[in-house]
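Since the structure comes first, as structure tokens, the remarks are kept for the end.
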Amino acid sequence: MKYHRVGEIKKDEFLGKDIKIRGWVYRIRKQKDKAFLIIRDDRGGIIQCVLPSTIVPDITIESSLEIQGTLFKDERAKDGGYEIRGNDIKIHSIASNDFPIGEYQSTELLLDYRHLALRTRKMIGVGKIRATILEKVRNWFIENDWIEVNVPTLVKSAVEGGSTLFPVKYFKEEAFLSQSAQLYLEALIFSLGPVWTVSPSFRAEKSRTLRHLAEYLHLEAEAPWISLDDLFSIQEKLLVNLIGHVIKERKEELGFLNRDIPSLTEIKEPFDKLSYTEAIETLSSMDIQIQDDEGTRKIKWGDDLNIDSEKALTKDRTNPVFVYGYPLEVKPFYVKEDPETPGLALTTDLLLPNGFGEVSSGGMREDNITLLKSRIEKEGLKMNSYSWYLDLRKYGSVPHGGFGIGIERLVRWITNLEDIKECVLFPRTMARLDP
Ligand code: ATP
Ligand code: MG
């Protein structure tokens, strides 16, 4: 007899049918003549099984087993009102009786035992939502004629600034873990056209925040012959499409995580666009403070937007907003200067609503070799580390641009989970390298 997954059999057409499932004991209650076992299968499906106590041996939470029986409807059964009345049980392995994950556990314990906490409904939901996001991202890019590529994560030079670089010993040289695939994607647009990748990016983030990981999954896209306006609309379309699919296909998981779905349904293109200068005016009138070497002071033109600024700019919004036109100084060396407004960069960050903040950074890249060289010099970077990158401007340079979205940031927003460590299966932070 074939095994079924719980997800497939919770349907009226299976009522009265003989079925066989296998999984793990999630909850257990034994009475004199009946044993009630709640079983979780390997896709996180949960169903109550009622068996005669005489055939159920002494078992513990998380023991693995299979049960054969008949499907019935019983309104008292949780999770959909279906239950299996079992007539046979086969134990695969009795779990040690000290399974560390119970109902009330500290966040730290759940992180220490993440390899087991992956069996909780929250983490099962996160795992599935991540998978759906990645599947729909790939579909969207395929449908819109972008080519998927893969590039190295062991690299020789910085993309996003030296302070978050992870050095690694690379034979006799020093190398780094990649902070972004962007420079490689830029090389690929000359022969593959619009390209995209999802790959790990590494940032040695020394501060503990709820939005930063040391290793995260980075969705990056780059295309030739495009403009800042194209970058707005590509990201709007991608995001709206993605949200639509996740709401439809992961309703149950979002519901379990208590995500308020109507506020996601409201997201519509076009998103608002706010210039950096307007953003700073708004923030000054709100008296937003920032930290710098001299201490705390009021935000002013020329400062990067910190999380407090991003929160203030988005707390009363229900739709995402693009902030464009940052000062060149707060952005990396490769950004293109606006030829019409020197000193400003042709870049745009996407901030998500209800106080969430940044999910993506993007913009046009400097395609003029002389200007690019002077930016590298100004930033104090080593010219010879970027010689292959400069070649891209030497041999048939074209206007081009792209963007990078943090997948865990997206998961965090879609699920409304507070801590980004809950949005990845095995988080990496300064304090956590294991499991
Ligand atoms: P932030 O200012 O929010 O720290 P950033 O501007 O330093 O981010 P970018 O270099 O612009 O980050 O990276 C592109 C995207 O990657 C960000 O918009 C964000 O979604 C994501 N991201 C960046 N750093 C991290 C991190 N440490 N952990 C998780 N996601 C990150
Ligand atoms: Mg950014």
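We count ligands from 1, going down the list as the structure has it; atoms in each ligand are counted the same way.
Listed by number with element, the atoms of ligand 1 under 4.0 Å from a non-hydrogen atom of Leu213 are 26 (C), 27 (N), 28 (N), 29 (C). Near Ser360, meaning under 4.0 Å from one of its heavy atoms, ligand 1 places the atoms 18 (O). Ligand 1 places these atoms under 4.0 Å from at least one heavy atom of Gly404: 14 (C), 15 (C). Close approach of ligand 1 to Glu160 (heavy-atom distance below 4.0 Å) involves ligand atoms 10 (O).
The residue from Asp349, Ile280, Ile290 that alone fulfils the side-chain contact (heavy atoms from CB on, under 4.5 Å) condition with Leu305 is Ile280. Under the side-chain contact (heavy atoms from CB on, under 4.5 Å) rule, Arg412 has a single partner from Val359, Asp419, Leu210, which is Leu210.
For ligand 1, the polar-atom distance check finds an N/O of Val359 within less than 3.5 Å of one of the ligand's N/O atoms.
Heavy atoms from both the backbone and the side chain of Arg211 come within less than 4.0 Å of ligand 1. The backbone and the side chain of His212 each have at least one atom closer than 4.0 Å to an atom of ligand 1 (non-hydrogen atoms only). The proximity of Ser361 to ligand 1, defined as any non-hydrogen pair under 4.0 Å, involves the side chain as well as the backbone.
Within the structure, side chain to side chain donor-acceptor pair (under 3.5 Å) contacts touching residues 144-153 (residues at least two apart or in different chains) are Arg138-Glu148.
With the Mg ion (ligand 2) as the vertex, atom OE2 of Glu358 and atom OG of Ser361 span an angle of 90° (nearest 10 degrees).
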